[in-house]
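Numbering of ligands and ligand atoms starts at 1, following listing order. Heavy-atom basis, side chains included; hydrogens, waters and symmetry copies ignored.
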Amino acid sequence: MTLHVDLLLKNIGQLLPMRSAGPRTGVAMQELEVLEGAVLGIKDGKIAFIGTKDSEITASEVIDCKGRLVTPGLVDPHTHVVFGGSREHEMALKQQGVPYLEILKQGGGILSTVEATRKASMEQLYDKASFHLDRMLTYGTTTVEAKSGYGLDKETELKQLRVAKELQQNHQIDLVSTFLGAHAIPKTHKDNPELFLEEMLDLLDEIKKEHLAEFVDIFTETGVFTVEQSRKYLQKAKDKGFELKIHADEIDPLGGTEMAASLEARSADHLVGASDEGIRKLAETGTIAVLLPGTTFYLGKSTFARAREMIEQGVTVSLATDFNPGSSPTENLQLIMSIAALYLKMSPEEIWNAVTINAAYAIGRGQEAGQLDLGRKADVVIWDAPNYLYIPYHYGVNHVNTVIKNGKVVVERMSIRE
Ligand SMILES: O=C(O)CC1=NCN=C1
Ligand SMILES: [Zn+2]
């Protein structure tokens with residue numbers, strides 16, 4: 001019996017289904033299923049057929065992929081996409097070599113975005129984040145994690161989270177929300193960070209009741225929150241039923257990585273200074289390493305996270321943009337793929353696992369995103385590329401030809417007007 005589908009992608013050069021029963025861990029990240037000359041059938045927003053070119057299948061609409069690469073939509077598991085203002089004025093300070101933590105200490109950095117975010121209305125925050133999410137969609141990203149953390153007071157943290165919830169309900173991109181109230185110490189509490197953390201913990205009941213966030217995150221860093229303060233804070237969040245994330249060992253190696261693993265956090269992020277013990281603990285507990293090489297690049301650092309050791313030690317590694325107005329102002333996950341190849345020495349196969357299946361598991365969406373299989377959501381990207389090696393290889397541009405979200409074409413490559 002011939003199968004009829006709504007949309008058929010034919011003449012696919014290489015199809016990467018990324019099919020996997022769980023995250024790809026350690027050396028299994030080198031595995032990559034590549035189907036040559038495949039066809040992909042989509043019906044009612046789901047994958048209905050994965051086969052070869054001479055399959056018996058009819059369709060209401062056909063896209064001739066003309067030998068192009070086809071993959072699942074990319075997953076960006078670490079962004080600060082809801083924020084006010086911008087920090088281009090800090091570029092001069094960075095160029096003069098003023099360190100990130102010094103800019104923060106002087107009341108700039110995160111704290112300057114806090115001022116802009118507190119002033120912005122919900123509508124302004126919504127429109128601005130929606131613009132950035134639109135751009136991510138045009139770059140092939142179909143699922144995004146969005147953190148709060150530019151309020152540092154009850155009203156503004158809840159405002160950011162409510163904006164994220166509205167975006168999840170209205171924007172075509174799928175959003176996963178994280179509460180990062182513990183992102184920096186506001187000026188009002190600079191002598192009493194513990195009191196500030198208590199005030200942020202007091203928001204958890206409301207956040208849980210309004211379903212405003214699934215994860216709780218904290219910035220464990222010199223001049224921000226100590227490992228001990230972070231451990232206590234995250235334990236209380238875990239006790240209230242939240243899954244955990246942490247900004248760990250980004251700039252100074254404080255040991256946040258092993259603390260995150262000991263709490264069985266879903267992910268530990270940045271990890272530039274992760275110790276051997278920290279890497280061992282990640283492998284032991286299955287806490288996913290979310291690496292952010294774009295941030296290391298943008299901060300002008302030469303020491304990158306030890307991805308090769310992590311993979312060889314059996315850690316599950318994923319990649320993200322860390323999109324934010326200060327340390328990584330880019331929505332382009334394809335660029336992060338190139339930086340990961342060049343500076344994390346990750347192979348193309350590892351990189352593709354890191355921006356799809358592993359990224360999905362890092363935000364609790366392993367069953368919904370990051371792979372193409374029968375019955376799963378049809379979030380698909382057709383790339384202007386002949387094979388999967390090409391995307392990390394050809395850097396800094398947007399290789400997207402077409403993006404399909406929930407079975408519908410939402411992005412077609414910009415055409416040049418004759
Ligand atoms: O600088 C920012 O706005 C985002 C950031 N938080 C922790 N590291 C970078
Ligand atoms: Zn971040």
Inset, instruction - Just say parallel, tilted or perpendicular for the rings of Phe304 and Tyr343, cut-offs at 30° and 60°. - result: parallel
Legend entry - Note: Lys147-Glu145 ion pair, threshold 4.0 Å (strictly below): yes
Inset, instruction - Could you tell me whether a side-chain N or O of Asp153 sits under 3.5 Å from a main-chain N or O of Thr156, the two making a donor and an acceptor? - result: yes
Inset, instruction - Verify whether the ring centers belonging to His171 and His132 lie closer than 6.0 Å. - result: no
Legend entry - Test of proximity, Arg87 against ligand 1: N or O pairs below 3.5 Å: yes
Inset, instruction - Using a cut-off of 2.8 Å, count how many protein N, O or S atoms are strictly closer to the Zn ion (ligand 2). - result: 4
Legend entry - Distance-only N or O hit between ligand 1 and His247, under 3.5 Å: no
Inset, instruction - Output yes when Arg266 and Glu243 qualify as a salt bridge under the 4.0 Å nitrogen-oxygen rule, no when they do not. - result: yes
Legend entry - Full working for ring pair (Phe, Tyr, Trp, His ring centres under 6.0 Å) between Tyr388 and Tyr393: CA-CA 9 Å; Tyr388 67 84; Tyr393 145 78; over 10 Å; no
Legend entry - Close approach of Ile110 to ligand 1, heavy atoms, under 4.0 angstrom: yes
Inset, instruction - Answer yes or no for Gly109: is there a heavy-atom contact with ligand 1 below 4.0 Å? - result: no
Inset, instruction - List for me each residue that meets side chain to side chain contact (heavy atoms under 4.5 Å, CB included) alongside Ala354, sequence neighbours excluded, and say none if there are none. - result: Met29, Leu319, Met346
Inset, instruction - Please write down residue, atom name and distance for the protein heavy atom closest to atom 9 (C) of ligand 1. - result: Tyr100 OH, 3.1 Å
Inset, instruction - Assess the pair Phe83 and Phe323: is the distance between their ring centroids shorter than 6.0 Å? - result: yes
Inset, instruction - Please identify which atoms of ligand 1 are closer than 4.0 Å to at least one heavy atom of Phe219. - result: 7 (C), 8 (N)
Legend entry - Glu250 N/O to ligand 1 N/O under 3.5 Å: yes
Legend entry - Modelled atom types, side-chain donor and acceptor of Trp383 and Thr71, under 3.5 Å: yes
Inset, instruction - Looking only at protein heavy atoms, identify the closest one to atom 6 (N) of ligand 1 and say how far it is in Å. - result: His183 NE2, 2.7 Å
Legend entry - Tyr150-ligand 1 polar pair, N/O distance under 3.5 Å: yes
Legend entry - Phe297, CZ: over 12 other non-hydrogen atoms inside 6.0 angstrom: no
